[in-house]
**Student:** 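Structure provided below as structure tokens; questions to follow.
Here is the naming used below: chain letters follow the sequence lines, and residue numbers restart at 1 for every chain. These numbers come from a predicted model, not from an experiment. Any value given below was found using the heavy atoms of this structure, including those in side chains, with hydrogens, waters and symmetry copies removed.
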Amino acid sequence: MDELLEQFLIEGPEQVQHAGEALLALEGRPDDAALVDQAFRAIHTLKGSVGLFDLPAMGQVLHVAEDLLGAWRDGRRALSRGAVDALIAATGQTERWLGVLAATGGGLPADADAVAADLVSRLNRALDGDAPPSAPIQATDIDTAWIEALFRDRDLAPARHPRVTALRYVPDAGCYFRGDDPVAFARAVPDLLALRITRRDVAAPVAADAYDPYACDLVVELLSAAAPEVVKGPFRFVPDQIQLLSWSPPPSPSAPVPPPALAEGPRSLRVEASRIDALAQLVDELVVAKNALSDLAGQMADGLAPQAAAQILGDRQAALDRLVARLHRTVMGIRLVPILPLLRRFPRVVRETATALGKEVDLAVDGQDVQVDKAIVEGLFEPLTHLLRNAVDHGIEPAAERAAAGKPARALISLVARREGDHVVIDVADDGRGMDPVRIRRAAAARGLLPDRMLDALADDQVLDLVFRPGFSTAEAVTDLSGRGVGMDAVRAAVGRLGGSVGISSASGQGTTVRLVLPLNLVLTKVMIVTVAGERYGIPMDGIVETARVDPDRVFPIRAGRAFVLRDTAVPLLSLAALLGLPEEARADGGPCRAVVARMGGELVAVEVGAFVGRRDVVLRPLTGLLSAMPGVLGTTLLGDGHVLMILDVPGLIAAAPSDTAPVGQGAP
Amino acid sequence: MTVEVVGNVIHLRGVCAAEDAEALLSRLQAAPQAEIDVTACRHLHGAVVQVLLAFRPNVRGMAEDIFLRDWVIPNLAAHR
């Protein structure tokens, strides 16, 4: 990648962050000139940098945004809520574009020009100051953001729907009196892919006693796989009230593929200078240690007695050991980055979501001094975004319901990270309506997630955990189900990939808290190295309950399998060689059978191995590409002698084994 | 009669036309906490949908009508 662009991709997001923070703060303190100034400078810098590249869409948006901020700064225009909204949308879009640039190495998505045109017109309206700021209905330019949002919300695959027809129908207020029924029109559209019916202005309060159901205030947005002429059919009497567009999804970045930028392409890391100095110092010491070894080699050549040589060598090796350990710790430390910059990106996400839903939500963020591995910070953005959107959408009640419950109209979500021992704990807590275990039970039963008998036996807090099950939330019935559920299984999977866990707790009427617990760094894993059929494998120590040497006489057959008694408990004994599909090795006659006892679910299970080699701290590398789908293997690590060691996931291996081979493990008869 | 109140539940039955919006509105004003049951519903007129969107009562039940069940009811439940 171009060096200039690389630099821009590091600094760009920081400028966006500065601008976004200032704009958000402006809501609370609209008279604070310093905030306007901060936003202006950030946008100005961004615009300057963008000018270095061929990114006209991004340049236009930033240019108008700068004009608007400049007008505020000089007092030529007064701040308005709509204008702040437009600016926040512009910074949000800039951030998304920066993400795309990083992923593609320098190209904007195909719809960038249309999106930019929409933003520019919104900003211009705010700059002109006369038109009402939120009037997307009158907008004559092509506004495609809603299409994209609809497309994404329905999880449509760009590959399967390369071209869709999008129609937006804004019936006029008197349409019911002419006998128009917008819902019936939508019903008549063939090959429907998505349908969204909303109020024209979701944020507008509803006057309960003076509401007029016959003043139509609906907006109907739909996507269809049929051709535009066909889709238009039902709306032929209201041509002036529809917007019709044939639309193609942008090539990829918004497609639901796993983030490619993580695995490919260079990644950069900003490091404090003092940490580099510490590293440099360590390297100096390593050079000294190496020289000491050269000295020793020289002395030995000159006839140093082997005994004395061995002692000196031992000393120097110990010194080298300490140095390498320090070097490792220091390098690991460099990978640790503060979590706060990540968390600070979310107030904007929450605000965008809340505005779209017509809710008032504040996000309080705290995570001062918490540092975690860079890979974890990178992997957390998606799941946290999901959790926060869920909280705003489903956790927080509409204003009327909050008022009825005696809660303040502005809801509060807190996002707090703190360190606990070797872990970082992140809480996402809202003060919304909470989750109702009764309704979750009902939905779980309706979906057949668990047999009724087991469902009845679950305690209420365990019932909440069901929302993380794949298949719990697939459709409409669940979305209003007291709060949560949409895609929570994806959150659990994402956090699981980072080596963490997710839990949920909720008090009905008071709110819901989702807690993520993650390791501070991904990298060091304690493993036990064993041999099977002459090959070495690693088994993570935290999965091992104990190791056992069992006299072959104490192993007894049970049905097709084997077991032995370990402190009054019968433990099934499986053969690791059979699980791995390796040839069985003959055990030396009369020698004990060596087994690793692991916990699988609540049960103990023993796995027979050839020999124990030792314990090691290893850097676990997850499998990539085709191998990543292989069950039973957590990853690999490089041993000191250059061999690659496979780290096994014993429970996964047993679960993946065909049922007839798993319990057999046939030893020599 | 397509708007029918049973206890704290307002049932919408059959084809709910524009006139039913008025009836639904007055029921909702009388009992803001009422739930709406759409199990037996075959069509919802735009005016009825608009009342449901404005007052956002809990909507429950799987409508018999496939178009309503798959496309319209989710809009009433998921507020997006």
**Student:** If you measure from CZ on B:R60 to CZ on A:R439, what distance do you get to the nearest 0.5 Å?
**Tutor:**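 Going from CZ on B:R60 over to CZ on A:R439, the span is 9.5 Å.
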**Student:** Nearest 0.5 angstrom please: A:R199 CZ to B:L52 CG, how far?
**Tutor:** 12.0 Å
**Student:** Between A:Y176 and B:H45, which heavy-atom pair has the shortest distance, and what is it?
**Tutor:** CD2-CE1, 3.6 Å
**Student:** Are the side chains of B:R56 and A:E401 in touch, meaning some heavy atoms are under 4.5 Å apart?
**Tutor:**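 No - every pair of side-chain heavy atoms lies 4.5 Å or more apart.
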**Student:** Looking at every non-hydrogen atom in both residues, tell me the closest pair between A:L192 and B:W71 and how far apart they are.
**Tutor:**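 Closest pair (atom of A:L192, atom of B:W71, distance): O-CZ2, 3.5 Å.
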**Student:** If you measure from CG on A:L195 to CG on B:D70, what distance do you get to the nearest 0.5 Å?
**Tutor:**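 Reported to 0.5 Å precision, the distance equals 11.0 Å.
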**Student:** Would you name the heavy atoms of A:Y211 and B:L25 that are closest together and state the gap between them?
**Tutor:**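 What the structure gives for the nearest pair is O-CD2, 3.5 Å.
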**Student:** Can you give me the closest heavy-atom contact between B:Q50 and A:L218, atom names plus distance?
**Tutor:** CB-CD2, 3.6 Å
**Student:** Give, as side chain, backbone, both or neither, the part of A:L150 having an atom under 4.5 angstrom from any heavy atom of chain B.
**Tutor:** neither
**Student:** With chain B, which of A:P182, A:C175, A:G179, A:A215 has the greatest number of heavy-atom pairs at distances under 4.5 Å?
**Tutor:** A:A215
**Student:** For A:A186, is it the side chain, the backbone, both or neither that has a heavy atom under 4.5 Å from a heavy atom of chain B?
**Tutor:**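 Contact with chain B: backbone and side chain both.
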**Student:** Quick one: CG on B:L44 to CZ on A:R187, what's the gap to the nearest 0.5 Å?
**Tutor:**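 Answer for the CG-CZ pair, B:L44 versus A:R187, is 8.5 Å.
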**Student:** Do you know which two heavy atoms are closest between A:D181 and B:G46, and how far apart they sit?
**Tutor:** OD1-N, 2.8 Å
**Student:** Quick check on the interface: out of B:S26, B:A47, B:A21, who has the most heavy-atom pairs with chain A under 4.5 Å?
**Tutor:**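 Option with the top pair count is B:A47.
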**Student:** At their closest point, which heavy atom of A:Y214 faces which heavy atom of B:A18, and how far apart are they?
**Tutor:** OH-O, 2.6 Å
**Student:** Would you say that A:R196 contacts B:N75 through its side chain, given a criterion of any heavy-atom pair below 4.5 Å between the two side chains?
**Tutor:**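 A side-chain contact under 4.5 Å exists here.
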